[in-house]
Structures are given as C-alpha cells and as structure tokens.
Amino acid sequence: MGYIVNTTNPKKGFTLLFSSIIFFTVFINPSTFTFLGILFLGLYSNLLNKKEKNYILLLSIISFFIGSFNFVGLELLKSTLPILLVSSVFSLMMIGHWFLVDPTISRVGMKNIAIFSTSLSLGLSVLVFFDFYESSSDLFNLLSNNVLNNVMVFLYISAAILSFGSFKSLQEKSYTGVMASTGLSYLSLIVSLGASGTLILSI
C-alpha cells in the first residue's frame with residue numbers, strides 16, 4: 001500500500017479502503033502489536049505530511065511483523081516470500097480497480113508491481129523445484145513431496161505468466177488495457193493463493 005501511494009498518488013479514498021481491509025487482521029490475531037499496527041495505520045491514513053506518513057507506515061509494518069512473528073514463530077520467515085507474492089498481486093488488483101474509478105492516476109506503480117510479481121513467482125518456482133521449502137506437514141500425506149512440488153511449481157509459473165500478461169496489458173494506453181490487466185490480476189491472485197497457501201500449509 002505504501003509503495004502504491006508513493007508511486008501512483010491515488011486519492012485518499014484508496015488508502016482508507018486498503019487500511020479498512022488490513023484492519024480485519026485484528027480478528028485473526030488480536031494481539032497488542034496488531035492493535036499497535038492498526039493504530040499507526042490509522043495515523044498514516046490521516047496524516048498530510050508525506051515524509052512523516054512513511055515513518056508512521058514503517059512503524060505499522062514493524063508492529064504487524066512482530067505480532068505475526070509472535071503468532072506463528074520462525075515459520076514466518078520462510079512464509080514471507082509467498083505472503084509477499086499474494087500481497088503484491090492483491091495490491092495490483094486493488095489499484096487496477098481504483099484506476100477504473102480514477103483514470104487520472106499514474107500506471108507506473110502498477111507496472112512495477114506486475115514485474116515484481118512476475119519475478120517473485122518465477123523465483124518461488126525455482127526455490128520449490130530445488131526443495132528450498134521442505135514439507136514437514138502431515139496434511140498432504142496423500143501426495144508425495146515430488147507431486148506436491150510439481151503442482152506448486154506449475155501454479156507459480158502460471159502466476160508469473162498471468163502477472164506478466166497484466167504488465168503487457170498496461171502497455172496498452174487505452175482504458176481497456178487497465179481493465180484487461182485487472183482481470184488478469186484476478187486470475188493471478190487465485191493461482192498465487194492456491195500455490196502460496198499450499199506451500200505455507202506444507203512447511
């Protein structure tokens with residue numbers, strides 16, 4: 001969200017909408033650090049000074065990270081990349097929708113997020129293929145590790161193709177290019193959720 005706001009400069013409503021979605025984390029992990037993260041996020045949403053806003057957002061991110069670390073422990077470190085992928089694709093989808101509301105905003109942030117999502121998807125497919133993530137869960141006993149890894153590699157490559165398609169759609173200068181990009185980001189989000197959810201649950 002911070003990256004989008006700094007590069008794309010959407011109207012304040014976008015920040016409020018994104019913040020309200022993040023607010024629901026309090027129902028998943030109602031801890032002190034989660035409440036702190038929400039407090040800082042609320043301050044970020046209402047401050048006007050751009051430099052101060054970025055410091056407040058950093059405090060919010062740190063608070064949420066500590067709260068998450070206390071919740072799941074060291075597994076959070078291995079889960080960071082798949083979570084980051086889902087977050088980036090979701091951000092692309094959200095700003096794509098916002099563009100349909102406010103077509104005056106810049107596309108630069110959207111393009112960069114699409115390229116980042118593509119690169120991260122490919123990187124995760126390589127890490128899974130070379131067994132960087134080793135399954136230690138009994139949840140997938142019906143499938144062998146090799147089959148499970150192959151499925152996740154396929155899903156990550158599919159997410160990369162869809163994210164790259166979203167980037168190429170943004171090259172189209174007309175309004176329909178963003179509409180196509182938003183639709184592809186939907187598909188990429190579904191595939192990324194499937195791959196990352198499976199990966200995190202199998203760690």
Side-chain angles (χ1 to χ4, degrees), residues 1-25 41 44-45 50 53-54 57 61 64 79-129 133 148-201:
M1 183 181 74
Y3 177 77
I4 290 172
V5 171
N6 282 317
T7 58
T8 309
N9 294 316
K11 290 185 172 65
K12 188 177 179 181
F14 176 81
T15 305
L16 294 174
L17 174 63
F18 219 116
S19 298
S20 65
I21 293 170
I22 297 171
F23 170 80
F24 284 99
T25 55
L41 195 60
Y44 169 80
S45 301
K50 192 170 184 179
K53 281 169 70 84
N54 289 333
L57 183 63
I61 292 170
F64 278 121
S79 302
T80 298
L81 288 180
I83 291 170
L84 188 59
L85 173 62
V86 174
S87 300
S88 62
V89 176
F90 181 73
S91 300
L92 178 62
M93 185 192 74
M94 288 288 290
I95 196 61
H97 274 293
W98 197 255
F99 186 94
L100 303 180
V101 175
D102 179 17
T104 63
I105 61 178
S106 170
R107 299 189 190 190
V108 174
M110 296 172 68
K111 291 178 180 178
N112 289 340
I113 292 173
I115 287 296
F116 176 77
S117 301
T118 303
S119 303
L120 188 54
S121 297
L122 291 174
L124 280 165
S125 69
V126 171
L127 290 175
V128 172
F129 183 78
Y133 291 94
L148 187 62
N149 282 1
N150 290 339
V151 169
M152 286 189 288
V153 167
F154 172 76
L155 289 174
Y156 277 127
I157 291 174
S158 299
I161 293 170
L162 289 166
S163 293
F164 186 71
S166 184
F167 168 76
K168 295 300 288 184
S169 297
L170 290 168
Q171 306 287 63
E172 174 63 43
K173 293 184 179 180
S174 68
Y175 192 76
T176 54
V178 180
M179 292 177 66
S181 174
T182 305
L184 287 169
S185 65
Y186 260 111
L187 296 174
S188 183
L189 178 63
I190 293 169
V191 175
S192 299
L193 278 171
S196 296
T198 303
L199 181 59
I200 291 170
L201 288 172

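Predicted model only: the values in this text are computed from it and were never measured.
When all heavy atoms of F164 and T118 are compared, the pair lying nearest together is N-OG1, 3.1 Å. Looking at every heavy atom in both residues, V153 comes nearest to F129 through CG2-N, 3.8 Å. Nearest heavy atom pair, residue V178 against residue G96, reads CG1-O, 3.9 Å. Heavy atoms only, all atoms of each residue included: S169 and S181 are closest at CB-N, 3.7 Å. Smallest separation of non-hydrogen atoms from M93 and T182: O-CG2, 4.1 Å. The minimum heavy-atom distance between S158 and V191, with the atom names listed, is CB-CG1, 4.0 Å.
Here the CZ-CD1 distance, from F167 to I115, works out to 4.0 Å after rounding to the nearest 0.5 Å. If you take CG on L184 and CG on L92, they are separated by 9.5 Å, rounding to the nearest 0.5 Å. Note that the CG atom of L189 and the OG atom of S166 stand 11.5 Å from one another [nearest 0.5 Å]. Within the model, atoms CG of L41 and CD1 of I61 stand 9.0 Å from one another, a figure rounded to the nearest 0.5 Å. T15 OG1 to I22 CD1: the interatomic distance, rounded to the nearest 0.5 Å, is 10.0 Å. Taking CG of L85 as the reference point, atom OG of S119 lies at 10.5 Å (rounded to 0.5 Å).
Under the rule for a side-chain hydrogen bond (donor to acceptor under 3.5 Å, both in side chains), the partners of S45 that lie at least two apart in sequence or sit in another chain are S19. Take S188 and apply the side-chain hydrogen bond (donor to acceptor under 3.5 Å, both in side chains) test, not counting sequence neighbours, and it matches S163.
Residues I200 and I83 have side chains in contact (heavy-atom distance under 4.5 Å, counting atoms from C-beta outward). Counting heavy atoms from C-beta on, the side chains of V151 and T198 never come closer than 4.5 Å. Side-chain contact between V5 and Y44: present, with at least one pair of heavy atoms (C-beta onward) separated by less than 4.5 Å. Under the 4.5 Å side-chain criterion, counting only non-hydrogen atoms from C-beta, L162 is not in contact with V89. Looking at heavy atoms from C-beta onward, L57 lies in side-chain contact with M1 at the 4.5 angstrom threshold. When side chains are defined from C-beta on, L193 does not count as touching F90, because their heavy atoms never get closer than 4.5 Å. Looking only at side-chain heavy atoms (C-beta outward), M94 and I21 come within less than 4.5 Å of each other. Residues N112 and Y3 are in side-chain contact: their nearest non-hydrogen atoms beyond the backbone lie under 4.5 Å apart.
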Would you please test S117 and S88 for side-chain hydrogen bond (donor to acceptor under 3.5 Å, both in side chains) and show each step? CA-CA 6 Å; S117 301; S88 62; 3.0 Å; yes
I113 vs T7, test: side chain to side chain contact (heavy atoms under 4.5 Å, CB included). Steps then yes/no. CA-CA 11 Å; I113 292 173; T7 58; over 6 Å; no
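Of the candidates S125, S192, S196, Y156 forms a side chain to side chain donor-acceptor pair (under 3.5 Å) with just one, namely S196.
For residues 97-107, the salt bridge (Lys or Arg N to Asp or Glu O under 4.0 Å) pairs, not counting sequence neighbours, are K11-D102.
Here the two rings, on H97 and Y186, have centers that are under 6.0 Å apart.
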